[in-house]
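Here is the structure we will look at.
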Protein chains: 2
Amino acid sequence: MKARPYSSIISRLRKSGLRPTRQRIGLSELLFEGGNKHVTAEGLFSQATERSLKVSLATVYNTLHDFTRVGLLREVGIDSSVRYFDTNVTEHQHLYFEDSDKLLDIDPDENIICKRPSFSGGKVVRRIDVVVRVAG
Amino acid sequence: MKARPYSSIISRLRKSGLRPTRQRIGLSELLFEGGNKHVTAEGLFSQATERSLKVSLATVYNTLHDFTRVGLLREVGIDSSVRYFDTNVTEHQHLYFEDSDKLLDIDPDENIICKRPSFSGGKVVRRIDVVVRVAG
DNA sequence: GTGATTGCAAATCTTTTGCACTAAA
DNA sequence: TTTAGTGCAAAAGATTTGCAATCAC
């Protein structure tokens with residue numbers, strides 16, 4: 001029950017330098033309302049279709065990339081052939097259940113990393129991807 | 001200068017339950033001689049062609065999967081659209097240079113992980129994938 | 001021989017692209 | 001109006017599959 005969710009989506013898009021089009025607003029609702037999510041392009045496209053948001057698959061791809069570029073989304077590298085996007089853009093790690101293909105965030109308090117390597121020569125650690133793969 | 005490298009390749013394949021065919025032997029030489037490597041199917045196929053090993057791309061894919069299945073290789077999940085295979089099957093982490101697409105093993109002494117989560121209900125941590133992404 | 005392996009070409013699947021059309025500012 | 005964004009259909013890549021030919025045992 002947030003106040004004025006619709007216009008807050010619009011202003012979020014504006015702040016990111018993206019025009020609040022019908023498609024971007026609709027996809028934003030799917031993505032950013034109701035907790036953190038991990039989505040694929042096809043998955044988001046299906047959801048949109050189910051909720052009768054008219055949008056093309058190409059636009060879903062464009063939108064996922066645009067949102068990632070401006071920092072509203074983050075890409076998660078699971079080694080399969082599909083790309084996952086995460087609405088949680090804070091530093092955190094992932095739990096991947098191999099049997100069910102489910103992806104979960106690891107509670108930041110449970111941080112698994114204890115050391116961040118550093119580099120000379122202008123090289124920077126852009127991020128550290130951690131995926132705990134669970135089976136059974 | 002290992003002794004009898006050829007026959008050790010053959011026995012390694014036999015022990016893994018794979019018939020030592022000309023293609024598998026040739027690809028094994030490319031993969032397992034001269035230190036740990038990270039390869040893609042296309043990359044290995046090119047190497048094979050350069051060294052005039054006659055093998056089809058489909059067989060390279062089959063071989064990479066077969067080798068992974070029996071534990072001679074391990075897949076590395078960089079989030080790009082290509083699959084990397086690692087000849088180092090021991091527990092270790094990766095360094096990925098985004099600008100050059102280079103992938104390096106992290107020295108096991110530099111272990112970045114300090115905590116291994118555990119699960120109940122028959123769930124097991126199969127492995128923890130870590131990729132330190134470096135830019136610049 | 002016979003069952004595993006290979007190679008080719010076609011198929012599949014995800015993602016990207018070109019470009020005319022539409023909508024936001 | 002002017003530029004960004006959209007949608008379609010086609011293209012591009014990586015990987016897989018089906019099946020006949022070949023090879024290892």
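Chain naming here is simple, since letters A, B, ... match the order of the sequence lines and numbering starts at 1 in each. None of the values given here were measured: they were computed from a predicted structure. Note that these values count all heavy atoms, side chains included, but never hydrogens, waters or copies made by symmetry.
- Comparing the end axes of the helix from C:dG1-D:dC25 to C:dA25-D:dT1, each fitted to five base pairs by superposing C1' atoms of four pairs onto the next four, gives an inter-axis angle of 30° (nearest 10 degrees).
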Show me the donor-acceptor pairs, under 3.5 Å and distance only, between side chains in residues 41-49 of chain B and residues at least two apart or in other chains.
unit_1: B:Ser46; atom_1: OG; unit_2: B:Glu42; atom_2: O; d: 2.9
unit_1: B:Thr49; atom_1: OG1; unit_2: B:Phe45; atom_2: O; d: 2.9

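- Salt bridge annotation for B:Arg74-B:Asp129: present, with a cationic side-chain nitrogen under 4.0 angstrom from a carboxylate oxygen.
- Here the P atom of nucleotide D:dA4 and the CG atom of A:Leu18 are 12 Å apart, to the nearest Å.
- Taking 4.5 Å as the limit, some side-chain heavy atom of B:Asp66 sits within range of a side-chain heavy atom of B:Arg24.
- In summary, the side chains of A:His38 and A:Asp105 do present a donor paired with an acceptor at a separation below 3.5 Å, with no hydrogens or angles considered.
- Within 6.0 Å of NZ on A:Lys102 lie no more than 12 heavy atoms contributed by other residues, nucleotides or ligands.
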| Could you walk me through whether A:Leu73 and A:Phe32 pass the side-chain contact (heavy atoms from CB on, under 4.5 Å) check? | CA-CA 10 Å; A:Leu73 289 176; A:Phe32 304 122; 3.9 Å; yes
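- Counting to the nearest Å, the P atom of D:dC8 and the NZ atom of A:Lys54 are 7 Å from each other.
- Along DNA chain C, the stretch of nucleotides lying under 4.0 Å from any heavy atom of chain B spans, 5' to 3', C:dG3 to C:dC8.
- Comment: A:Arg116 engages A:Glu91 in a salt bridge, judged by a side-chain N to carboxylate O separation of less than 4.0 angstrom.
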| Checking side-chain contact (heavy atoms from CB on, under 4.5 Å) for the pair B:Cys114/A:Lys115: CA distance, chi angles, key distance, verdict? | CA-CA 8 Å; B:Cys114 52; A:Lys115 195 165 26 172; over 6 Å; no
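- For residues 54-64 of chain A, the pairs satisfying side chain to side chain donor-acceptor pair (under 3.5 Å) are A:Ser56-A:Thr59, with sequence neighbours left out.
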| said: Does the protein touch nucleotides 9-25 of chain D at the base, only the backbone, or not at all? Give it as B, S and - per nucleotide, heavy atoms under 4.0 Å. | reply: -----SBBB------BS
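- By the 4.5 Å side-chain criterion applied to Ile, Leu, Val, Met, Phe, Trp and Tyr, B:Phe97 is assigned to a cluster that also includes A:Leu95, A:Phe97, A:Leu104, A:Ile106, A:Ile112, A:Ile113, A:Phe119, A:Val125, A:Ile128, A:Val130, A:Val132, A:Val134, B:Leu95, B:Leu104, B:Ile106, B:Ile112, B:Ile113, B:Phe119, B:Val125, B:Ile128, B:Val130, B:Val132, B:Val134.
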